[in-house]
Amino acid sequence: MKHLLSTQDLSREDAIRILDTSEQMAATQDREIRKLPTLRGKTVVNLFFEDSTRTRISFEAAAKRLSADVINFGAKGSSVSKGESLKDTALTLQAMGADAVVIRHWASGAAERLATSGWMYGSVLNAGDGTHQHPTQALLDAFTMRKHLVDSPTGSDLAGLTVALVGDVLHSRVARSNIALLKTLGATVVVVSPPTLLPVGISQWGVKISHGLDAALDEHQIDAVMMLRVQRERMTGGGAQFFPSPEEYTRMFGLDGDRMRRLPDHGIVMHPGPMNRGLEITAEAADSARSVIVEQVSNGVAVRMAALYLLLAGEEGVQ
Ligand code: NCD
């Protein structure tokens with residue numbers, strides 16, 4: 001595997017290899033010295049054209065724990081703000097000897113463009129492109145589900161589990177990446193969303209669709225409920241044309257304590273962050289014992305270590 005662009009490119013075997021390697025990486029993070037020498041001498045560039053907290057810090061921590069040199073490159077404060085193109089940026093990164101570029105970009109397809117353009121030769125890891133894909137998020141979500149919901153995680157997929165993705169699917173690269181990966185891993189996916197926030201053609205995606213969270217909880221035994229952020233920055237006019245009011249959205253699609261208590265005892269609450277507390281999720285649900293939201297963030301480091309390791313160091317085993 002040279003690049004990690006989309007969960008649609010991952011076979012079941014690829015996905016399980018990444019999850020198992022993440023397991024090994026997570027184990028090294030309990031040691032007193034958490035740094036591994038694996039990527040010594042390699043250069044990883046974090047190229048972020050769009051804002052990010054978790055993903056950027058997590059990729060940086062992952063690369064550093066593998067002893068790579070890390071260069072952080074944000075669009076603000078770089079020549080991108082002077083209008084430099086993706087091509088010229090890529091040529092600069094190539095000239096600096098980047099072995100891997102982690103790219104987040106507002107345009108769907110930007111990561112693939114970088115990987116296939118011939119502008120640079122390193123590996124490309126997609127850290128979120130427009131509304132398209134965010135593969136490491138889906139992998140860390142699957143890793144988190146496997147840990148909580150599968151008896152002996154190593155080597156296993158997610159067959160038999162039902163996962164609900166709730167909210168703004170239309171604008172969510174997290175949802176697209178999760179749907180593809182969850183299906184590859186054998187889970188049943190229930191999408192819970194107002195019709196206005198569903199992508200065109202979703203009926204062909206092999207998911208179940210529900211138009212209210214109460215109805216979804218009535219109809220399905222949900223093992224993991226993944227709340228999606230209402231992405232107001234991708235809606236023109238503050239979201240007015242997508243749902244009648246924030247209160248109405250919360251009433252139909254928000255996760256509160258009462259709805260959370262309708263999950264089975266083992267059911268977990270997930271959110272990729274950043275959360276709109278009070279809109280798609282209440283503080284009671286976000287901060288409850290069932291919430292694995294903070295753990296998703298720490299699992300992200302192990303999963304990104306695994307991805308960098310598998311792309312850059314081959315498969316000699318974690319030292
Ligand atoms: C997500 C993203 O940026 O796509 N966040 C993340 O990576 N943790 C989801 C979001 O912004 O809602």
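Quick caveat, the model's predicted, so the values are computed rather than measured. For the numbers below, each heavy atom of this structure counts, side chains included, while hydrogens, waters and symmetry mates do not.
Residues Leu161 and Leu182 fail the side-chain proximity criterion, which asks for heavy atoms closer than 4.5 Å. Here the side chains of Leu140 and Arg304 are in contact, with some heavy-atom distance below 4.5 Å. The closest side-chain heavy-atom distance from Leu170 to Phe242 is below 4.5 Å. At a threshold of 4.5 Å between non-hydrogen side-chain atoms, the residues Leu139 and Leu10 count as touching. Residues Asn126 and Leu4 fail the side-chain proximity criterion, which asks for heavy atoms closer than 4.5 Å. Side-chain contact check for Ile293 versus Met275: some heavy-atom pair is nearer than 4.5 Å. A heavy-atom distance below 4.5 Å is found between the side chains of Val230 and Met235. The closest side-chain heavy-atom distance from Thr89 to Leu47 is below 4.5 Å.
Interatomic distance, Thr250 OG1 to Leu255 CG, rounded to the nearest 0.5 Å: 11.0 Å. Separation of atoms OG (Ser177) and NE2 (His134) is listed at 7.5 Å; rounding is to 0.5 Å. Atom CE of Met305 sits about 9.5 Å away from atom OG of Ser22, to the nearest 0.5 Å. Atom NZ of Lys42 and atom CG of Leu311 lie 11.0 Å apart (nearest 0.5 Å). Atom CE of Met252 is separated from atom CD of Glu247 by 14.5 Å, given to the nearest 0.5 angstrom. Between the CG atom in Asp265 and the CZ atom in Arg261 there is a gap of 13.0 Å [rounded to 0.5 Å].
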Stepwise, does the salt bridge (charged side-chain N to carboxylate O under 4.0 Å, His left out) test hold for Arg290 with Glu295?
CA-CA 11 Å; Arg290 287 165 179 277; Glu295 196 191 314; over 6 Å; no

Verify side chain to side chain donor-acceptor pair (under 3.5 Å) between Gln133 and Thr7, making sure each step is shown before the conclusion.
CA-CA 8 Å; Gln133 279 279 320; Thr7 53; 3.3 Å; yes

Could you walk me through whether Asp20 and Gln24 pass the side chain to side chain donor-acceptor pair (under 3.5 Å) test, one step at a time?
CA-CA 7 Å; Asp20 287 349; Gln24 292 175 279; over 6 Å; no

With side chain to side chain contact (heavy atoms under 4.5 Å, CB included) as the test, would you mind laying out the steps for Val169 and Leu197 before giving the verdict?
CA-CA 6 Å; Val169 176; Leu197 287 173; 6.0 Å; no

Under the criterion side chain to side chain contact (heavy atoms under 4.5 Å, CB included), I'd like the reasoning laid out for Met260 against Ser288: C-alpha separation, chi angles, the key distance, then a yes or no.
CA-CA 9 Å; Met260 180 181 71; Ser288 76; 3.2 Å; yes

Stepwise side chain to side chain donor-acceptor pair (under 3.5 Å) check, Thr144 with Asp141
CA-CA 5 Å; Thr144 307; Asp141 291 335; 5.3 Å; no

Run the numbers on Leu165 and Val190 for side chain to side chain contact (heavy atoms under 4.5 Å, CB included), then give the verdict.
CA-CA 6 Å; Leu165 303 188; Val190 182; over 6 Å; no

What do the steps show when you test Leu310 against Thr21 for side chain to side chain contact (heavy atoms under 4.5 Å, CB included), and what is the final call?
CA-CA 8 Å; Leu310 290 169; Thr21 307; 3.9 Å; yes

Are His171 and Glu233 close enough, and set up right, to give a side chain to side chain donor-acceptor pair (under 3.5 Å), and what steps lead you there?
CA-CA 10 Å; His171 300 107; Glu233 79 281 18; over 6 Å; no

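Counting heavy atoms of neighbouring residues, nucleotides and ligands inside a 6.0 Å radius, atom CH2 of Trp205 exceeds 12 of them. Enclosure of atom NZ in Lys208 is not indicated, since only 12 or fewer non-hydrogen atoms of other residues, nucleotides or ligands lie within 6.0 angstrom. Heavy atoms from other residues, nucleotides or ligands lying under 6.0 Å from CZ of Arg40 number 12 at most. In this structure, Glu23 places its CD atom where more than 12 heavy-atom neighbours from other residues, nucleotides or ligands lie under 6.0 Å away. In this structure, Arg34 places its CZ atom where only 12 or fewer heavy-atom neighbours from other residues, nucleotides or ligands lie under 6.0 Å away.
Using a cut-off of 4.0 Å between Lys/Arg side-chain N and Asp/Glu carboxylate O, Asp214 and Arg262 are scored as salt-bridged. One finds a salt bridge joining Glu60 and Lys64 here, because a Lys/Arg side-chain nitrogen approaches an Asp/Glu carboxylate oxygen to under 4.0 Å. Salt-bridge annotation for Arg176 and Asp129: absent, with no side-chain N of the basic residue lying under 4.0 Å from a carboxylate O of the acidic one.
A donor-acceptor pair is defined here as one N or O able to donate and one able to accept, closer than 3.5 Å; such a pair exists between the side chain of Lys2 and the backbone of Tyr121. Under a 3.5 Å cut-off, the side chain of Thr162 and the backbone N or O of Ile222 do not form any donor-acceptor pair. In this structure, Ser58 contributes its side chain and Thr55 its backbone to no donor-acceptor pair below 3.5 Å. Here the side chain of Asp99 pairs no donor or acceptor atom with the backbone of Gly122 at under 3.5 angstrom. Listed for the Arg146 side chain is a donor-acceptor partner under 3.5 Å among the backbone atoms of Ser156. With Arg65 contributing its side chain and Leu36 its backbone, the two residues share no donor-acceptor pair below 3.5 Å. The backbone N or O of Gly254 lies less than 3.5 Å from a partner atom in the side chain of Arg259, making a donor-acceptor pair. When atom types are taken as modelled, the side chain of Glu112 and the backbone of Leu5 share no donor-acceptor pair closer than 3.5 angstrom. Here the side chain of Arg54 pairs no donor or acceptor atom with the backbone of Gly300 at under 3.5 angstrom. Without hydrogens or angle criteria, Arg173 side chain to Gly130 main chain gives a donor-acceptor distance under 3.5 Å.
Cluster annotation: Met227 and Val297 are assigned to distinct hydrophobic clusters (Ile/Leu/Val/Met/Phe/Trp/Tyr, side-chain heavy-atom contacts under 4.5 Å, transitive). Under a hydrophobic-cluster definition in which Ile, Leu, Val, Met, Phe, Trp and Tyr are linked whenever side-chain heavy atoms come within less than 4.5 Å, directly or via other members, Phe49 and Ile57 are assigned to different clusters. Following chains of ILVMFWY side-chain contacts shorter than 4.5 Å, one can reach Met25 starting from Met1, so the two form part of one hydrophobic cluster.
For Gln231 against Ser172, the heavy-atom pair with the smallest separation is NE2-CA, 3.9 Å. Closest non-hydrogen pair, Ile18 versus Ala306, comes out as O-CB, 3.8 Å. Listed here is the closest heavy atom pair of His271 and Ile281: CD2-CG2, 4.4 Å. Annotation for Asn46 and Asn72: closest pair ND2-OD1, 2.8 Å, computed over non-hydrogen atoms. When every heavy atom of Leu125 is checked against every heavy atom of Ala307, the shortest pair comes out as CD2-CB, 4.0 Å. Smallest separation of non-hydrogen atoms from Pro194 and His211: C-ND1, 4.3 Å.
Checking Val70, Ile103, Ile71 one by one against Val45, the side-chain contact (heavy atoms from CB on, under 4.5 Å) holds for a single residue, Ile71.
Figure legend: cation-pi geometry between Arg104 and Phe48 absent, as NZ or CZ is not positioned both under 6.0 Å from the six-membered ring centre and within 45° of its axis.
The aromatic rings of Phe243 and Tyr249 sit tilted, their planes meeting at an angle between 30° and 60°.
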